[in-house]
There are 2 protein chains.
Amino acid sequence: MGVLEKVRTRSPKTAMAEPRAALPLDTILQGDCIAHMRALPTASVDMIFADPPYNLQLGGDLNRPDGSHVDAVTDEWDKFDSFASYDRFTRDWLAEARRILKPDGTIWVIGSYHNIFRVGATIQDLGFWILNDIVWRKANPMPNFRGTRFTNAHETLIWASMGEKSKYTFNYRSMKTLNDELQMRSDWEFPICGGPERLKKDGHKVHPTQKPEALLYRVLLAATHPGDVVLDPFFGTGTTGAVAKRLGRRWIGIEREGVYIDAATQRIAEALPLDESSLRTMQAPKGTPRVAFGTLVENGMVAPGMVLTDAKRRFQAVVRADGSLACGVETGSIHKLGATLQGAPSCNGWTFWHHESEGRLQAIDTLRQTYLLATQP
Amino acid sequence: MGVLEKVRTRSPKTAMAEPRAALPLDTILQGDCIAHMRALPTASVDMIFADPPYNLQLGGDLNRPDGSHVDAVTDEWDKFDSFASYDRFTRDWLAEARRILKPDGTIWVIGSYHNIFRVGATIQDLGFWILNDIVWRKANPMPNFRGTRFTNAHETLIWASMGEKSKYTFNYRSMKTLNDELQMRSDWEFPICGGPERLKKDGHKVHPTQKPEALLYRVLLAATHPGDVVLDPFFGTGTTGAVAKRLGRRWIGIEREGVYIDAATQRIAEALPLDESSLRTMQAPKGTPRVAFGTLVENGMVAPGMVLTDAKRRFQAVVRADGSLACGVETGSIHKLGATLQGAPSCNGWTFWHHESEGRLQAIDTLRQTYLLATQP
DNA sequence: AGGTTATATGAATCCAACA
DNA sequence: GTGTTGGATTCATATAACC
């Protein structure tokens, strides 16, 4: 434990890009992630989101039952000689991450059973304090074609603070509102990244493991404030940067591959900060028959900034990023705010609130129905 | 890796209970789990299920918002000085588990984010091969009363074989049936153990972390055959034993606390084994003997010269006397020719090839089924 | 145009028996 | 050991093709 004390001050020679004084905000740094991290100032970043190589150790080819070939992750960046070399790599970048984080900052790391146990143990060894492990349940995972194991249908995220006593950021109310007035749990369901969100070039996916924006949306909304600085040392095609821009957070990306950087640069340039973004279709999660209003926001069916009114247009409210509503100084979930404004003990926000659609008012419940129709069999 | 070679033969003095030759089946061994494991024979057990202490680092007491006290896990057996001592303990019992397991046996370990990363890394370090990590989604988890984190709504199980090449047991069909004819995924939902299933004494729960029987039911059904021997080195109140008895598996439990042993003994005595017929139906239809296509020719069910086609009638082939097929200059087995004609890496000839029967096409697999019905008891 | 059917694909540690 | 052959094996979603 207690690595902080051991952090040595490096000579400027080892720094690569910027002097440590300045944070290269909203920028992608090209090159090795550890080298670039060493050039960043100590205790300067509010959050780190990291999607490191998983060290999959895949064997031969795999075919589907119909004979088609599975396009596996065979990239060089995922190859390591041994667990020992993977552990060294992990410890090195995590130690730098720890130095760069502010005392009250937090780190998120995503992985699978191939690597997450080693990552988690190293995180603990370095003195981080694990706050939660989060399970991303994939709505549409790839099946196990040979029937040899359980369908590998999830990935794991670790969320950790700098230490046991850290005063980390957790937007409890935002998460609860996003989840329809229930505490947000440690298991999240999202579809894998596909459709128009998936970056492609010449008909092929640009990056083999692009993460869904809905996942980063929830992570950033939960653990940062607007204006906070988020570092992603394995930037890839820039999901973290695109969502950070949408949510009004600052970002720094580190990435080796020029192809990924090009795609990320264009993608982030096209990303619209929240109040300008229009209804954009993302894939909708499936499974839970109960739909939280926040789910519609997360999935782009309701844009933050959208104005809702009651049927008689007596009240007006604005949708916020976490799916809560604001009316003057009053805020709350669709149900809670409806009750407050009417002075009623309770209120069904789904039927109380309406939005302008095709020239007339429509209850937001129709959006939920649309969502359910799109996601239920 | 390669810990098996390092296992030393211990003098009988270190053995506590039984000589290594005999397996103490359907028995609870009282005492230290590592000491008792050392007394068990090498390569003698089919499966190990382990629910080790979680190394929870709960600071102080925890109270609900209404002031009532949370009965947290603060028992003495859950205290460890540091990660280092927990790692030593973990490595010691896992190494013994590895020695005791048969070469094709598997191990299951359940834990939370407090310990599962250390356990998982050690499992990999010892040479085990992780098959899946499984998420137990709790339908009714304890909320996070302070609103400081996400509701900790799941626990993680690791399932691992002795090595990459092990021929472990996985009852694929049973799992698929259990899941309404869809592949069983890596995320399982069960309620936490409560109600009449939860063992109580004087109104208090006997064990702080009693696992639901549904969880063990799925584990044992997935990864063992009837009659297999299952060892649980942290037996607690004997969920593993009770379910093993119900499912016709043999079990061995190790437990230190007499209170738990008493509860487990009574509980297992009251558990009712499923009758043989219900056990049989849960078995996968894997034992069906192989039938060569040539056998059907030999038995006159298929006549040489018979014409076969695929379902879309794109290809035609003629059956030859030895059970091979011919299509122009291409010849081969039903599988090989199907693969060749489609340009596919492989092909199941039984379902690919069809024959004209009663005016419509029928897969030749129906002939095989007919043959099996006629020749099986 | 609108609705239906066929095809493509995703962080995957993916076979078993026998010669 | 290794090489060959038999034969068992897929779910949700997006997109293209086709009536």
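So that the names make sense, note that chain A is the first sequence line, chain B the second, and so on, each numbered from 1.
In terms of the ring pair (Phe, Tyr, Trp, His ring centres under 6.0 Å) criterion, B/His354 has no residue partners (sequence neighbours excluded). Taking A/Tyr54 as the reference, nothing meets the ring pair (Phe, Tyr, Trp, His ring centres under 6.0 Å) condition, with sequence neighbours excluded. When the side-chain contact (heavy atoms from CB on, under 4.5 Å) test is applied to B/Ala326, the partners found at least two apart in sequence or on another chain are B/Arg320, B/Thr331. In this structure B/Lys336 satisfies the salt bridge (charged side-chain N to carboxylate O under 4.0 Å, His left out) test with no other residue, sequence neighbours excluded. With sequence neighbours excluded, no residue satisfies ring pair (Phe, Tyr, Trp, His ring centres under 6.0 Å) with B/Phe352. The ring pair (Phe, Tyr, Trp, His ring centres under 6.0 Å) search around B/Trp353 returns none, not counting sequence neighbours.
The stretch residues 113-122 of chain A participates, sequence neighbours left out, in these salt bridge (Lys or Arg N to Asp or Glu O under 4.0 Å) pairs: A/Asp87-A/Arg118, A/Arg118-B/Asp125. Sequence neighbours left out, the pairs with a member in residues 62-73 of chain A that pass salt bridge (Lys or Arg N to Asp or Glu O under 4.0 Å) are A/Asp71-A/Lys205.
At a threshold of 4.0 angstrom between heavy atoms, the contacts of B/Arg185 with the nucleic acid are absent.
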Could you pull out all donor-acceptor pairs under 3.5 Å where a side-chain atom in residues 341-351 of chain B meets a protein atom, sequence neighbours excluded?
residue  : atom : partner  : partner atom : Å
B/Gln342 : NE2  : B/Gly338 : O            : 3.2
B/Asn348 : OD1  : B/Trp350 : N            : 3.0
B/Thr351 : OG1  : B/Asn348 : O            : 3.2

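Salt bridge annotation for A/Glu213-A/Arg267: present, with a cationic side-chain nitrogen under 4.0 angstrom from a carboxylate oxygen.
Taking atom P on both nucleotides, C/dA12 is separated from D/dA8 by 26 Å, rounded to a whole Å.
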Annotated protein contacts, base or backbone, on nucleotides 8-15 of chain C with a non-hydrogen cut-off under 4.0 Å, one of B, S, - each: -BBBBBBB

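Both key distances under 3.5 Å define a Watson-Crick or G-U pair, and stretches of 3 or more such consecutive pairs in DNA chain C run C:2-10 with D:11-19, C:15-19 with D:2-6.
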Could you go over nucleotides 17-19 of chain C and give all protein N or O partners under 3.5 Å, atom names and distances?
none

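Rounded to whole Å, atom C1' of D/dT13 lies 17 Å from atom CZ of A/Phe190.
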